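This report refers to the structure that appears directly beneath it.
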Amino acid sequence: MTAFTVTLVLVVAAVGLLRWRRPAWYWLTFGVTLAVVRVLVRYGSVMDACGLTVPPARWRLALARAISRPLPESRSPRILRLRPTRTGLVLRLKLRPGQDAFDIAAASDRLRHSFSMYGVTSRELRSGVVEVRMTGYDVLKRVQMPGETEIRPMRVPVALRQDGSVHYRDYRAIPHALTLGATESGKSVYQRNLVAGLAPMDVALVGIDCKQGVELFPLARRFSALADDPDTAAEVLDALVVRMERNYQLIRAQQRIAADVPDAEIAADIWDLSTDLRPVPVVVLVDEVAELALYANKEEEKRRDRIITSLVRLAQLGRAAGIYLEICGQRFGSELGKGITMLRAQLTGRTAHRVNDETSANMAFGDIAPDAVLAAIQIPAEKRGLAIAGDSTGGWHRIRAPHTSLRQAVNICNRHADRTPDLPELAPYRPALSALAGAPLQPAKPSPATA
């Protein structure tokens with residue numbers, strides 16, 4: 001008996017230590033089984049306590065009275081499927097008549113406490129069917145991306161959501177995005193994950209880094225063009241506008257609008273073209289947009305208007321031509337001058353890391369998801385990389401990107417340097433890599449003939 005007691009104490013201590021130090025391992029070994037049992041045993045009483053039941057049908061009441069049987073109890077949403085995952089449980093519910101998906105969403109916090117889970121979120125799959133995702137531990141404390149992700153062209157896994165699912169940056173669904181964040185908020189790590197995810201794909205990367213290139217120039221082997229000052233940035237954006245117009249001319253020439261061509265084969269953007277004719281898509285990364293919008297004299301004001309005009313044109317017309325914008329900054333509001341709010345209106349995707357004031361959060365979500373503003377200003381300073389991601393539909397998620405060091409990102413870009421396409425319009429601005437080890441990277445200056 002003494003040996004059994006000692007063994008039991010050691011097992012309990014090991015389980016407690018595992019839960020504290022390695023919550024993911026604890027969940028996969030013990031937590032998932034306990035959670036499934038807890039949900040199945042408590043389900044009926046929890047639904048009743050949370051007000052998620054409906055009275056029985058009238059015919060059932062009439063039948064019970066006619067045969068002198070006890071009246072049937074209130075009915076809970078029916079469980080269609082209970083699926084364990086590596087981070088929690090996925091519960092698919094069939095709502096009863098009279099129930100709404102909002103009822104489940106409003107009771108999420110009560111369900112979290114009742115089932116002893118870390119987090120509960122819900123979303124409506126179709127009419128009458130709701131998916132409830134439960135997480136067994138804090139998946140954002142130590143981000144571990146799953147080994148297998150659904151990678152498709154122009155779709156990059158960049159972060160992990162609070163419900164345990166993967167957050168993707170899908171350029172074909174959301175062509176342009178804005179990323180805000182204060183200093184030391186994790187914005188640069190998010191950008192590195194984005195570049196590292198795009199590096200193995202057939203895509204051209206164009207960088208504008210007005211901090212003398214300290215963020216993007218180490219990744220230069222994978223970039224088709226780089227600019228480290230506003231003057232070069234204006235020229236690069238002008239070249240991108242020229243490329244956009246040429247892509248539209250190509251699409252117009254290959255539209256195939258003859259009467260015998262099926263509707264699905266009529267070309268309206270580069271993705272409708274055949275593979276041998278399709279231009280390489282371009283992703284433009286702007287590291288600090290405020291540096292492009294500031295000016296101190298008349299000449300700089302003209303340059304600023306030229307830059308903002310090019311960005312607005314690319315945001316409005318670039319999607320079909322395969323040009324996508326990824327704009328980062330600490331602030332992004334009307335104080336940056338005319339044209340800024342017009343540009344922001346075209347940036348569908350919004351991501352906000354820790355910000356210093358509520359106004360900055362309003363710049364990201366005030367016009368699309370007001371509920372996300374409060375979540376953005378509550379991000380603690382010690383949780384670098386934690387962010388709020390939303391889009392124009394009004395939905396938002398709490399996400400966190402895995403930590404990727406600059407050396408890891410450099411290695412990935414160097415490994416896939418052979419995928420860097422040569423774009424004729426951007427050839428003068430492709431970074432010239434010095435043959436000497438440790439030599440600084442400098443962008444190539446345009447020749448007089450090209451200029």
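What you see is a predicted model, and the numbers here were worked out from it, not measured in a lab.
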Quiz item: Do any N or O atoms from the side chain of R92 and from the backbone of L80 form a donor-acceptor pair under 3.5 angstrom?
Solution: no
Quiz prompt | Of all pairs that satisfy ring-ring contact (aromatic ring centres under 6.0 Å, His included), the ones with a partner from residues 326-357, not counting sequence neighbours | solution = Y190-H353
Practice problem: Step by step, work out the salt bridge (charged side-chain N to carboxylate O under 4.0 Å, His left out) result for R221 and D418. | Solution: CA-CA 9 Å; R221 295 183 184 275; D418 58 321; over 6 Å; no
Quiz item: Checking D209 side chain against V286 main chain: does a donor-acceptor pair fall under 3.5 Å?
Solution: no
Quiz item: Quick check: are there more than 12 heavy atoms from other residues, nucleotides or ligands sitting under 6.0 Å from CZ of R96?
Solution: yes
Quiz item: So do the side chains of L205 and L216 get within less than 4.5 Å of each other, counting heavy atoms only?
Solution: no
Quiz item: With a 4.5 Å limit on heavy-atom distance, are the side chains of R354 and S360 in contact?
Solution: no
Exercise. Could you pull out all residues at least two apart from Q346 that satisfy side chain to side chain contact (heavy atoms under 4.5 Å, CB included)?
Key: A315, Q316
Self-check item: Spacing of CG belonging to D229 relative to SG belonging to C210, to within rounding of 0.5 Å
Solution: 6.5 Å
Practice problem: Please collect all ring-ring contact (aromatic ring centres under 6.0 Å, His included) contacts where either partner lies in residues 31-50, sequence neighbours excluded, each pair once. | Solution: none
Exercise. Give, for atom CZ of R83 and atom CG of L89, the distance between the pair rounded to the nearest 0.5 Å.
Key: 10.0 Å
Quiz item: Does the side chain of H167 reach to within under 4.5 Å of the side chain of P157, using non-hydrogen atoms?
Solution: no
Exercise. Walk me through it: do V90 and V132 pass the test side chain to side chain contact (heavy atoms under 4.5 Å, CB included)?
Key: CA-CA 6 Å; V90 178; V132 180; over 6 Å; no
Quiz item: How about R344: does its CZ atom have over 12 heavy atoms from other parts shown lying under 6.0 Å from it?
Solution: yes
Quiz prompt | Heavy atoms of other groups near Q408 CD, more than 12 under 6.0 Å | solution = yes
Quiz item: Going by the ring-ring contact (aromatic ring centres under 6.0 Å, His included) test, which pairs reach into residues 83-132, not counting sequence neighbours?
Solution: none
Quiz item: For M201 and R222, which heavy atoms make the closest approach, and how far apart are they?
Solution: O-NH2, 2.8 Å
Practice problem: Decide yes or no for L40 and L82: does some side-chain heavy atom of the first lie under 4.5 Å from some side-chain heavy atom of the second? | Solution: yes
Self-check item: L406 versus E215, closest heavy-atom pair with distance
Solution: CD1-O, 4.4 Å
Quiz item: Are R169 and Y171 in a cation-pi contact, defined as NZ or CZ under 6.0 Å from the six-membered ring centre and within 45° of the axis?
Solution: yes
Quiz prompt | Worked check of side chain to side chain contact (heavy atoms under 4.5 Å, CB included) between C413 and R419 | solution = CA-CA 9 Å; C413 289; R419 289 183 173 269; over 6 Å; no
Exercise. Determine, stepwise, if the pair K211 / E288 fulfils salt bridge (charged side-chain N to carboxylate O under 4.0 Å, His left out).
Key: CA-CA 8 Å; K211 294 188 294 186; E288 186 54 67; 5.7 Å; no
Self-check item: Any P281 side-chain heavy atom under 4.5 Å of M154 side chain
Solution: yes
Exercise. Scan residues 145-164 for pairs that pass ring-ring contact (aromatic ring centres under 6.0 Å, His included), counting only residues two or more places apart or in two chains.
Key: none
Exercise. Go through the steps for E131 and R133 under the test salt bridge (charged side-chain N to carboxylate O under 4.0 Å, His left out), then give the verdict.
Key: CA-CA 6 Å; E131 183 181 82; R133 300 185 69 94; 3.7 Å; yes
Quiz prompt | Gap between atom CG of L336 and atom CE of M363 - 0.5 Å precision | solution = 7.5 Å
Exercise. Output yes when a side-chain donor or acceptor of N411 lies under 3.5 Å from a complementary backbone atom of N414, and no otherwise.
Key: no
Quiz item: Is the number of heavy atoms from other residues, nucleotides or ligands under 6.0 Å of Y248 OH greater than 12?
Solution: yes
Practice problem: Starting at CG of L178, measure out to CG of L325 and round the result to the nearest 0.5 Å. | Solution: 11.0 Å
Quiz item: Around E150, counting heavy atoms of other residues, nucleotides and ligands shown, do more than 12 lie under 6.0 Å from its CD?
Solution: no
Exercise. Measure the CD1-CG distance between I307 and L292 for me, rounded to the nearest 0.5 Å.
Key: 5.0 Å
Quiz item: Tell me, do E326 and L194 make a side-chain contact under 4.5 Å, heavy atoms counted?
Solution: yes
Exercise. Would you name the heavy atoms of P421 and V280 that are closest together and state the gap between them?
Key: CG-CG1, 3.9 Å
Quiz prompt | Cation over ring face, R86 and W27, 6.0 Å, 45° | solution = no
Quiz item: With T53, which residues qualify under side chain to side chain contact (heavy atoms under 4.5 Å, CB included), at least two apart?
Solution: M47, D48, S74, S76
Quiz item: Measuring from I412:CD1 to T404:OG1, what's the distance to the nearest 0.5 Å?
Solution: 6.5 Å
Quiz item: Does the side chain of S108 reach to within under 4.5 Å of the side chain of T121, using non-hydrogen atoms?
Solution: no
Exercise. Test R278 against D202 for salt bridge (charged side-chain N to carboxylate O under 4.0 Å, His left out), laying out the working first.
Key: CA-CA 11 Å; R278 182 184 303 155; D202 294 326; over 6 Å; no
Exercise. Kindly give the heavy-atom pair with the smallest separation between R155 and D170, and that separation in Å.
Key: CD-OD2, 3.6 Å
Quiz prompt | Heavy-atom side-chain proximity of T232 to I208 below 4.5 angstrom | solution = no
Quiz item: Quick one: do the D163 and T135 side chains pair a donor with an acceptor below 3.5 Å?
Solution: no
Quiz item: Donor-acceptor pair, N247 side chain versus A321 backbone, under 3.5 Å?
Solution: yes
Quiz item: If only atom types and distance count, is the side chain of E291 paired as donor or acceptor with the main-chain N or O of P230 below 3.5 Å?
Solution: no
Quiz item: Which atom names give the shortest non-hydrogen contact between V373 and A361, and what distance separates them?
Solution: CG1-CB, 3.8 Å
